[in-house]
Student: 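Input: one structure, supplied below.
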Amino acid sequence: MFAYRSNLANHTMSSESPLTISQRAMAQPLGLSAVAGEFPWMLDLNERQRQAVETLDGPVLVLSGAGTGKTKVLTSRLAQLLVTGRAKPWEILAVTFTNKAAREMRERTQRLIGPVGEGLRWLGTFHSTSAMILRQHAELVGLKPSFTILDTDDQIRLLKQVIESEGLDQKRWTPRFLASLIEGWKNRALTPDKVPTDQAFLFANGKGAKLYALYQARLKILNCVDFGDLLLETISLFLNQADVLNQYQTRFKFILVDEYQDTNVAQYLWLRLLAQQHKNLCVVGDDDQSIYGWRGAEVDNILRFEHDFPGATIVRLERNYRSTPHILAAASHLISSNKNRLGKTLWTKMPDGERVLVRGLWDGEAEARLIADDIEQWRRSGRRYGEGAVLVRASWQMRAFEERFLMLQIPYRVIGGPRFFERAEIRDAHAYFRLVRSLDDDLAFERIVNVPKRGIGDTSVQRLSAAARLAGVPLVTMAKDLLGSDELKGQARTGLTRFINQLEHWRKKALELPHTELAEMILDESGYTDMLKADKNPQSVSRLDNLKELVRSMGLFDTLAAYLEHIELVMDLDRAEAGDGVQILTLHAAKGLEWPLVFLPGWEEEVFPSKRALDEKGDKALEEERRLAYVGLTRARESARISFAANRQIYGRWASVLPSRFIDELPDGHVDAVSDTGYFTQAIGAAEARFNAYGPLSTPPGDGFNAGYESPGWKRAQAAHALKKGGLTAAKGFGGPIVDGEAKLVAKTGAGDAKYKLGQRIFHDKFGYGLVAHVEGSKLTIAFEKSGEKKVIDSFVRLA
DNA sequence: TCCGCACAATTTTTT
DNA sequence: ATTGTGCGGA
């Protein structure tokens with residue numbers, strides 16, 4: 001990796017300096033000896049990478065394939081800009097999507113050039129950078145500099161109020177749906193007045209835009225913004241205040257963007273505005289790894305870069321330092337089925353290694369068993385668990401592996417899932433703190449006024465909010481007024497009185513106590529911890545732990561205010577990454593990571609590519625799914641092992657599934673297809689050969705399902721789709737394939753045979769309870785209690 | 001106000 | 001299967 005530390009003084013000068021005259025003239029390595037010939041990081045770069053680092057002027061698009069050293073280029077470029085004196089740290093804008101990426105970029109830059117990197121004020125996420133700018137000029141867009149950044153939960157609650165205020169049916173028009181529409185509009189930089197009519201009609205018969213406008217108005221009143229606003233408000237600030245825009249355009253001499261393929265329209269406009277003056281915009285990305293279209297990313301941004309920024313230099317990073325040739329060839333061939341791409345040819349100098357393994361299994365359980373066994377074997381061969389990862393399309397697929405790993409006592413870690421700061425208990429705690437910070441934080445008040453239960457139910461809160469809105473005062477103020485009158489009675493009155501008094505009490509204590517002690521006091525006195533302790537739910541123990549962890553992390557900040565300010569944007573306290581364990585994560589979460597051994601299970605039609613994605617977005621989604629497959633394959637350094645099952649339990653129902661079309665798109669020469677009938681290497685017509693190998697496993701016998709038996713998987717998938725339209729479906733209409741009396745049973749027994757014995761009582765999802773009347777391999781004849789004798793496949797049945 | 005039951009939904013995820 | 005949500009009754 002980076003062998004070079006920050007001792008610039010040692011750099012030798014050389015007449016073969018790569019710098020131009022003008023660069024050399026300007027070179028001012030920040031107080032260190034000027035004109036270092038070869039900067040140390042340069043020695044570490046290949047030709048293309050070097051070009052990407054040295055082309056400092058004008059628009060630059062660095063197309064960096066998987067594993068081609070993208071971050072190295074970015075950080076070297078930062079170092080280059082600083083050390084050659086082309087820019088002061090504060091004159092560089094460097095944006096990423098995640099805090100993690102920003103942190104990594106900062107750290108690695110500092111490793112190259114030392115503490116100079118600390119001065120990079122404008123290295124951050126799109127959102128944090130926008131927030132910095134916006135706080136500076138809040139008044140110009142109708143906000144106070146202290147504006148609060150809403151999280152999704154607050155946002156939904158606010159939207160709920162807005163929808164209610166319009167007298168709409170919450171059930172038909174959910175806040176969640178409106179939130180996703182508004183998010184989509186904001187991603188495309190559409191303010192309420194710009195929402196196209198047809199779009200507005202997606203919600204409540206044309207009220208979409210109006211509700212959006214109402215929501216925005218409420219946000220302003222509450223002095224809040226949501227994540228989308230951070231970008232949008234900044235854009236409108238720039239558009240409406242030429243002097244402000246000019247100030248930033250002048251300041252940012254150089255702009256760097258990471259993961260450009262993930263930018264949405266708003267981010268594109270934002271960048272275009274800022275880059276206008278110096279035009280030194282360098283974007284780094286890979287169109288083939290664009291997998292976030294569903295949340296607004298526009299692959300077009302990267303595809304159109306040359307057009308948008310005329311005269312752009314395009315640098316292709318194609319030398320891969322991660323994977324073996326077989327893996328690269330498989331991935332490259334697969335992705336070549338995509339039409340919408342710029343095109344790259346990855347190559348490597350690595351030795352061949354093993355081919356990509358493709359294996360068909362009887363069902364999901366067998367798949368988990370196989371993968372677990374592989375991992376054990378890997379481990380026995382002297383490797384670590386942590387070198388392996390299981391990459392799934394959707395998180396429900398993780399459970400099978402967890403169960404298996406648990407059984408075999410294979411250590412594992414699930415990456416992703418609910419984030420620490422998104423857990424209910426953490427947000428409840430935050431709501432308390434926010435309310436203590438400022439009493440007019442109505443959203444915080446609403447969240448915890450009855451958590452734990454204080455006898456202040458929905459009716460009381462509704463009445464309170466109505467009155468507060470009418471009077472135009474915060475909820476806490478109105479609550480005090482209300483308590484002075486006889487409006488509230490009984491439990492609600494006692495509860496609210498106590499709550500308000502506690503708030504006052506905590507606010508006083510806030511002045512004397514260190515904030516961590518205050519936090520503990522609040523959690524105790526509010527009854528929150530007692531509530532969790534009393535909760536019999538097994539999760540409440542870990543919730544209490546989370547609260548302890550919360551208080552601990554607060555200790556890292558000087559004040560409560562500093563802490564709250566920080567968490568609004570930087571919500572990714574990494575949970576402890578400890579120990580050696582197999583990692584289980586989604587393909588999305590795997591982007592940017594790598595492992596020697598990568599498992600890619602569940603390559604089945606409707607699972608991967610995901611049926612839902614295809615239904616919603618058709619071909620566009622198919623290409624994105626394919627990119628996801630590409631991302632998955634390119635995570636592997638030494639070994640990539642794809643697998644698919646013939647039968648899978650999805651949402652509690654058994655379904656017979658077909659191999660993914662992506663399997664047919666893999667190139668023959670680089671893939672080994674294996675089934676438990678033997679070991680196959682394809683010479684000709686690989687798909688067929690491969691298919692035949694899987695045939696016995698993956699083709700459920702029965703009417704209609706033999707139709708495409710001789711053809712590749714995709715053709716059969718099409719046949720199955722056609723059948724489905726006619727109502728004859730294995731996945732939905734029936735609880736599983738039925739074996740007709742007459743049907744030739746082509747399938748032989750799968751993994752474990754004769755699981756069932758004569759006379760056993762079983763349960764079938766579709767037909768209910770019955771007794772086993774006859775067993776023939778995996779084919780069972782069952783006498784069902786309700787529907788008589790039927791023939792079914794054993795995997796669709798379980799012991800009753 | 002709270003609790004329990006019926007019912008529906010169920011990809012991916014960052015800020 | 002699982003999990004969250006909304007409604008009706010105690």
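A, B, ... follow the sequence lines: proteins, then strands. Residue 1 opens every chain.
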Student: Does a nitrogen or oxygen in the side chain of A:Ser460 sit under 4.0 Å from OP1 or OP2 of B:dT1?
Tutor: yes

Student: Hey, is A:Tyr651 stacking on C:dT2? Ring centres under 5.5 Å, planes under 30°.
Tutor: no

Student: Can you list the residues that meet the salt bridge (charged side-chain N to carboxylate O under 4.0 Å, His left out) rule with A:Glu625, with sequence neighbours excluded?
Tutor: A:Arg393

Student: Contact class for A:Ser610 (heavy atom, under 4.0 Å): base, sugar-phosphate, or nothing?
Tutor: base

Student: Could you go through the side-chain hydrogen bond (donor to acceptor under 3.5 Å, both in side chains) check for A:Lys70 and A:Gln289 one step at a time?
Tutor: CA-CA 13 Å; A:Lys70 180 195 67 164; A:Gln289 291 186 70; over 6 Å; no

Student: Considering residues at least two apart in sequence or located in another chain, which fulfil the side-chain hydrogen bond (donor to acceptor under 3.5 Å, both in side chains) criterion with A:Glu164?
Tutor: A:Gln170

Student: Assign each of A:Arg454 and A:Met398 to its nearest nucleotide of DNA chain B by heavy atoms, then name whichever residue's nucleotide is nearer the 5' end.
Tutor: A:Arg454

Student: A:Lys186 NZ to B:dT13 P: how many Å, rounded?
Tutor: 23 Å

Student: From A:Arg627 CZ over to A:Lys591 NZ, what is the distance, rounded to the nearest 0.5 angstrom?
Tutor: 10.5 Å

Student: Between B:dT13, B:dT1, C:dT2, spot the one nearest the side chain of A:Arg399, thanks.
Tutor: C:dT2

Student: At less than 3.5 Å, do the side-chain atoms of A:Arg295 and the base atoms of B:dT12 form a donor-acceptor pair?
Tutor: no

Student: Is A:Glu616 touching bases, backbone alone, or none of the nucleic acid, heavy atoms closer than 4.0 Å?
Tutor: base

Student: If you compare every side-chain N and O of A:Asn187 against the phosphate oxygens of B:dT15 (OP1, OP2), does one of them come in below 4.0 Å?
Tutor: no

Student: Taking only the side-chain heavy atoms of A:Thr586 (C-beta and beyond), determine which of B:dT12, B:dT15, B:dC2 contains the nearest atom.
Tutor: B:dT12

Student: Would you say B:dT14 has OP1 or OP2 under 4.0 Å from some side-chain N or O of A:Asn99?
Tutor: no

